There are 2 protein chains.
Amino acid sequence: MKHPKKKRVTLQEVAKHAGVSTATASLVVRNNPRISDKTRKTVMNSMKELGYVYDRVAANLRSQSSNTVGVIITDISNKFISEFLVGVHETLEEVGYTVLLGTSFDSLAKQDHLLSTMLEHRVGGLILDPVSGSNAETVNRLNQMNTPMVLAVRELPEVKSDYVGINYRKGSLMATKHLIDKGHKRIAFLGGVRTSSTWIERMDGYQYAHDNAGLIIDNNLVVDSPPTREGGLEAVLQVLRNPDPPTAIFCFNDLVAFGVMQGLRMEGFNPGQDIDIVGFDNIPESDVYHPPLTTVSSFPRQTGVEAAKLLLQQLSDDSHEQQRLILEPELIVRESA
Amino acid sequence: MKHPKKKRVTLQEVAKHAGVSTATASLVVRNNPRISDKTRKTVMNSMKELGYVYDRVAANLRSQSSNTVGVIITDISNKFISEFLVGVHETLEEVGYTVLLGTSFDSLAKQDHLLSTMLEHRVGGLILDPVSGSNAETVNRLNQMNTPMVLAVRELPEVKSDYVGINYRKGSLMATKHLIDKGHKRIAFLGGVRTSSTWIERMDGYQYAHDNAGLIIDNNLVVDSPPTREGGLEAVLQVLRNPDPPTAIFCFNDLVAFGVMQGLRMEGFNPGQDIDIVGFDNIPESDVYHPPLTTVSSFPRQTGVEAAKLLLQQLSDDSHEQQRLILEPELIVRESA
DNA sequence: CTGAAAGCGCTTACAG
DNA sequence: CTGAAAGCGCTTACAG
């Protein structure tokens, strides 16, 4: 874990080489205007000549500041999350922050460990996409350290914090209503983890759309599963064993929808013709899938941008009021429903 | 960019609270065995009571060591890269390293800037997925700082460094040969940036397969494009305008293949029936696409794992010899060819 | 506009 | 097994 290096050139050496004091050299590296142009040039030359590299770690230690931000996510390979990260990165790097990234692989223990590590690394703030089982205690350590935090993607009950997420309920409502408007009365809801806030909110919208139309949900048509293609495949096979199968399917996300379509084909159905399908997320593949998937667009990149912006606000403003930002989704109608 | 915090509890305060010297407290946090169990417990209790958080930054500064690793990638939203990152992360976090992640968004200027930032942050080592235009100079600064580095995914000519990548040439050879064996004589090669090492190597394999079979390449059938779905779409539309169109298509990667299939459908062809398609990468979607895509599997996650391992080797072994690790791809035959 | 000295929170020899 | 003092590479008042 340790790795001593060849000695770095220090600011002191630069100062000596340039014939000024260390304090002056320090002011030069930080572009302080009260240094004369002449001195500045001399020092800059010495820096170049000696191959000086600024030691941000030492500087941050002394000035008790930080220009790193910790970001903890559950799974990079999830397309929603990786797009989210793009948004976070472009916003944070733009203003000179460096990102410490940790992946919890959906393990609470790993998440706890990463939180500790980030605090030990003196991050200026933190963006957290929490694992499902996260509780208030997990997160309170941050408040104790007085480290600004933004929660993203998944909301945590009982945790007071800035939050950026999608209006899953509304998205789910739109998707379900679209299917009802097409005349469907038996609409399955497949995939997703029943205990997660993201599932519960979708269930809410699905329920509400039914209520509005005076329709009753057949609980046999609601099957949870991991939010993956494999999960969707299993869920649809289970629901098809039903004596009275659904005529349309609302899927937890697009990956689940792909699995569902695969399962339908295996069972001899023609997705989009025999059975209508709606997904959620609008991942790039949904557009080129066969048939193109009707889905709810959920703006992962913008979610990342907003999360980063909220954090930057906290970082620059101590009297920052707690904010909750919910991005509105959009229904993208294609051929699958 | 700065954000002064509420004062942290220091090791000194812990030591005073526990009635020992700072040195002793320091040995306790680092689990040094030469501290008696009794003292250790007292100190641990004080730490808990005061809410002490270890300051790794100060520790690293003093001991001239580092437990961070910089990772610079071109684009997180690329599936190959995000899977690669998963491999890097799981390997590095396992042994206690923290990842500083930077995204160059394929810009040389941004990459240069990120390199500087990482060095300023005293990273122990670096994994770099270089942007196309990177030159030796870009990278030599690292050598000057004596910072261990591993190049990944794209190789850089004239740069001496550990490298982990895929045998693109072999993969391309297998894909092309598969099409030739199926009786095709006019095989297009679509997509990818002509100047990138990854394109050149694929071209090489494509060429070699033709040579072996005594076939001649029609240069009108070789169309480059961005390595995206949109790129594939445009490339296939262009190649179809050919008076003598291809009977099979080898695509730069799976995304390109998806765009190609979309274009074929637009033009009234039935991909996998009228025209055979082979992709490259074996992204998860290739399996569930319709028709399922014949493609070359390129093990992005393992590439990440190996890159991290090589870096760890360098970090723990000064006399480390330069290594070049090329992962062998695999042809996955599905229904599209 | 510039310099000498103290200090950020740790670790590292060196004593005992 | 434990302690007092110096130092990692910077920045920060304070003088001048």
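Residue numbering restarts at 1 for every chain, and letters A, B, ... go by the order of the sequence lines. These numbers were taken from a predicted model, which means no experiment stands behind them.
Regarding contacts with the backbone of C:dG9, a side-chain N or O of A:Q64 is found under 4.0 angstrom from either OP1 or OP2.
When the P atom of C:dA13 is taken as reference, atom CZ of B:R30 falls 11 Å away, rounded to whole Å. Per the geometry, CD belonging to A:Q12 stands 12 Å off P belonging to D:dT11, to the nearest Å. One atom, CG of A:N60, and another, C1' of D:dT12, lie 15 Å apart when rounded to the nearest Å. Atom CZ in A:R8 sits roughly 11 Å away from atom C1' in D:dC10 (whole-Å rounding). Between B:R40 atom CZ and D:dT2 atom C1' there is a gap of 13 Å when expressed in whole angstrom units. Remark: C1' of C:dC8 and CZ of A:R122 are 7 Å apart, rounded to the nearest angstrom. The interatomic distance linking A:Y54 (OH) with D:dG9 (C1') rounds to 10 Å, in whole Å. Across the protein-nucleic acid pair, A:N31 atom CG and D:dT11 atom P stand 12 Å apart, rounded to whole Å.
Judged by distance alone, the side chain of B:Q111 and the main-chain N or O of B:V131 form a donor-acceptor pair under 3.5 Å. Judged by distance alone, with hydrogens and angles left aside, the side-chain atoms of A:Y163 form a donor-acceptor pair with the main-chain N or O of A:V153 at under 3.5 Å. Remark: the backbone N or O of A:T22 is not paired with any side-chain donor or acceptor of A:Q12 at under 3.5 angstrom. No donor-acceptor distance shorter than 3.5 angstrom exists from the side chain of A:T103 to the backbone of A:F105, with no hydrogens or angles considered.
Residue pairs satisfying the salt bridge (Lys or Arg N to Asp or Glu O under 4.0 Å) criterion with at least one member in residues 85-101 of chain B, sequence neighbours excluded, are absent.
Nearest nucleotide to the side chain of A:D55, out of C:dC10, C:dT12, D:dC10: D:dC10. For A:L11, the side-chain atoms get nearest to D:dT11 when compared with the rest of D:dG9, C:dC10, D:dT11. Taking every side-chain heavy atom of A:L61 into account, D:dG9 is the closest of C:dT11, D:dT11, D:dG9. The side chain of B:T39 lies closest to D:dT2 when the candidates are C:dC1, C:dT11, D:dT2.
Comparing B:V53 and A:I35 by the nucleotide of DNA chain C whose heavy atom lies nearest to each, the residue mapping closer to the 5' end is A:I35.
Within the nucleic acid shown, A:S36 comes within 4.0 Å of sugar-phosphate atoms alone, with no base atom in reach, counting heavy atoms only.
With contacts defined as side-chain heavy-atom distances shorter than 4.5 Å, the pair A:Q64/A:R122 qualifies.
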What N/O pairs connect the protein and nucleotides 3-7 of chain D at under 3.5 Å? Give each pair on its own line.
residue	atom	partner	partner atom	Å
D:dG3	OP2	B:S21	N	2.7
D:dG3	OP2	B:S21	OG	3.2
D:dG3	OP2	B:T24	OG1	2.8
D:dG7	N2	B:R62	NE	3.3
D:dG7	N2	B:R62	NH1	3.2
D:dG7	N3	B:R62	NH1	3.1

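Crowding of A:E137 atom CD: a count of heavy atoms from other residues, nucleotides or ligands under 6.0 Å not exceeding 12.
With both pairing distances under 3.5 Å, C:dC14 is matched to D:dG3 as a Watson-Crick or G-U wobble pair.
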